[in-house]
**Q** 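Could you have a look at this structure, given as structure tokens, before my questions?
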Amino acid sequence: EHRVEAYVLLADGCLKAQPPQLQRALDANRELRELAHEITPDQANAAKLQGGSILLQLGKSKEARDSLEKIGDDAAPHILRQARLLRARSFQEEARWQEAAAVYAEALADARGPMPEAASALYALGECYHRLSQPNEAIKAWTE
């Protein structure tokens, strides 16, 4: 009767297990996202974010980024910001500095709400610019 809540609880429970049951959490998350007609847009965006995060933990970066990119600009600012930061970090982990820098810059430019992770994102952005041999941009990011 309450399938949405059940899948949310199941995914969360699998993630909190010791050790985390990532594949089971991902399966529950996929079931949740398939209930598109039963969930609100906010729930759908949160599910996409959670699914992307789980996929990253499973080492499926491309699939994770695809999921995270589906979170539109209409999402709650904290959801969209977190999705962008996860995408940027995944690019950075693959040494795809240009893509990472672009997504970090996009996340930092969004002024719809406070960004508690700004210092970390600016540091990472500076590292990307450094790797791209753009020292002036790196210094600017690190100074901010």
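The first residue in the sequence is number 1, and the count goes up from there.
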**Q** I need the minimum non-hydrogen distance between Arg112 and Asp73, along with the two atoms involved.
**A** NH1-O, 3.1 Å

**Q** Closest approach of Ala88 and Ala100, non-hydrogen atoms and distance?
**A**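 Here Ala88 and Ala100 meet closest at O-CB, 3.5 Å.
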
**Q** Between Arg30 and Glu63, does any NZ, NE, NH1 or NH2 come within less than 4.0 Å of an OD or OE carboxylate oxygen?
**A**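 Judged by the 4.0 Å cut-off on N to carboxylate O distance, Glu63 and Arg30 do form a salt bridge.
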
**Q** Output yes when a side-chain donor or acceptor of Gln43 lies under 3.5 Å from a complementary backbone atom of Thr40, and no otherwise.
**A** yes

**Q** Does NZ or CZ of Arg84 lie under 6.0 Å from the centre of the six-membered ring of Tyr104, at an angle within 45° of the ring axis?
**A** no

**Q** So do the side chains of Leu15 and Leu22 get within less than 4.5 Å of each other, counting heavy atoms only?
**A**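 A side-chain contact exists here, since the closest heavy-atom pair is under 4.5 Å.
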
**Q** For a 4.5 angstrom cut-off between non-hydrogen side-chain atoms, does Cys128 reach Gln92?
**A** yes

**Q** For residues Trp142 and Tyr123, report the shortest heavy-atom separation together with the two atoms involved.
**A**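 In this case the closest contact between Trp142 and Tyr123 is NE1-O, 3.0 Å.
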
**Q** Please lay out, stage by stage, how Gln82 and Glu117 fare under the test side-chain contact (heavy atoms from CB on, under 4.5 Å).
**A** CA-CA 9 Å; Gln82 193 62 32; Glu117 314 91 341; 3.5 Å; yes

**Q** For the atom pair OH (Tyr129) and CD (Gln134), what is the distance rounded to the nearest 0.5 Å?
**A**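 Rounded to the nearest 0.5 Å, the OH-CD separation comes to 6.5 Å.
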
**Q** Nearest 0.5 angstrom please: Ile39 CD1 to Glu34 CD, how far?
**A**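 Result: 10.5 Å between the selected atoms.
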
**Q** Less than 4.0 Å between a side-chain N and a carboxylate O, is that true for Lys16 and Asp12?
**A**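 Salt bridge flag = no for Lys16 with Asp12.
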
**Q** Kindly give the heavy-atom pair with the smallest separation between Ile71 and Ala83, and that separation in Å.
**A** CD1-CB, 3.7 Å

**Q** Mind listing the closest non-hydrogen atom pair of Ala75 and Asn45 along with its distance?
**A** CB-ND2, 3.4 Å

**Q** Locate the shortest heavy-atom distance separating Leu80 from Gly72; write the atom from each residue and the value.
**A**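 That would be CD1-O, 3.8 Å.
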
**Q** Out of curiosity, Asp27 CG to Gln21 CD, how far, rounded to the nearest 0.5 Å?
**A** 10.5 Å

**Q** Would you say Val8 and Glu5 make side-chain contact, with heavy atoms under 4.5 Å?
**A**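 No, their side chains stay 4.5 Å or more apart.
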
**Q** Tell me whether Ser53 contacts the main-chain N or O of Leu49 through its side chain, where contact means a donor paired with an acceptor under 3.5 Å.
**A**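 Answer holds: no.
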
**Q** Looking at CD of Gln23 and SG of Cys14, how far apart are the two atoms once the value is rounded to the nearest 0.5 Å?
**A**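 If I round to the nearest 0.5 Å, the distance is 10.5 Å.
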
**Q** In terms of hydrophobic clusters joined by side-chain contacts under 4.5 Å, are Leu26 and Leu32 together?
**A**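 Shared cluster, no.
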
**Q** Main chain of Ala25, side chain of Asn29: is a donor-acceptor contact present, judged purely on distance under 3.5 Å?
**A** no

**Q** To the nearest 0.5 Å, what is the distance between CZ on Arg89 and OG on Ser61?
**A**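 Arg89 atom CZ to Ser61 atom OG measures 13.0 Å (nearest 0.5 Å).
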
**Q** Does a side-chain N-to-carboxylate-O contact under 4.0 Å join Glu99 and Arg65?
**A** no

**Q** Give, for atom CG of Leu125 and atom CD of Glu106, the distance between the pair rounded to the nearest 0.5 Å.
**A**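 Rounded to the nearest 0.5 Å, the CG-CD separation comes to 12.5 Å.
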
**Q** Is there a side-chain contact between Lys48 and Leu68, using heavy atoms and a 4.5 Å cut-off?
**A** no

**Q** Would you indicate whether Arg24, at its atom CZ, is surrounded by more than 12 heavy atoms from other residues, nucleotides or ligands within a distance under 6.0 Å?
**A** no

**Q** Sub-3.5 Å donor-acceptor pair from the side chain of Ser67 to the main-chain atoms of Ala64, do we have one?
**A**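 Here the side-chain-to-backbone pair does not exist.
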
**Q** Indicate yes or no for a side-chain donor-acceptor contact from Arg81 to the backbone of Pro114 under 3.5 Å, with no hydrogens or angles considered.
**A** yes

**Q** What I'd like to find out is whether the side chain of Trp97 reaches to under 4.5 Å of the side chain of Glu127, using heavy atoms alone.
**A**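 Yes. Closest side-chain heavy atoms under 4.5 Å.
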
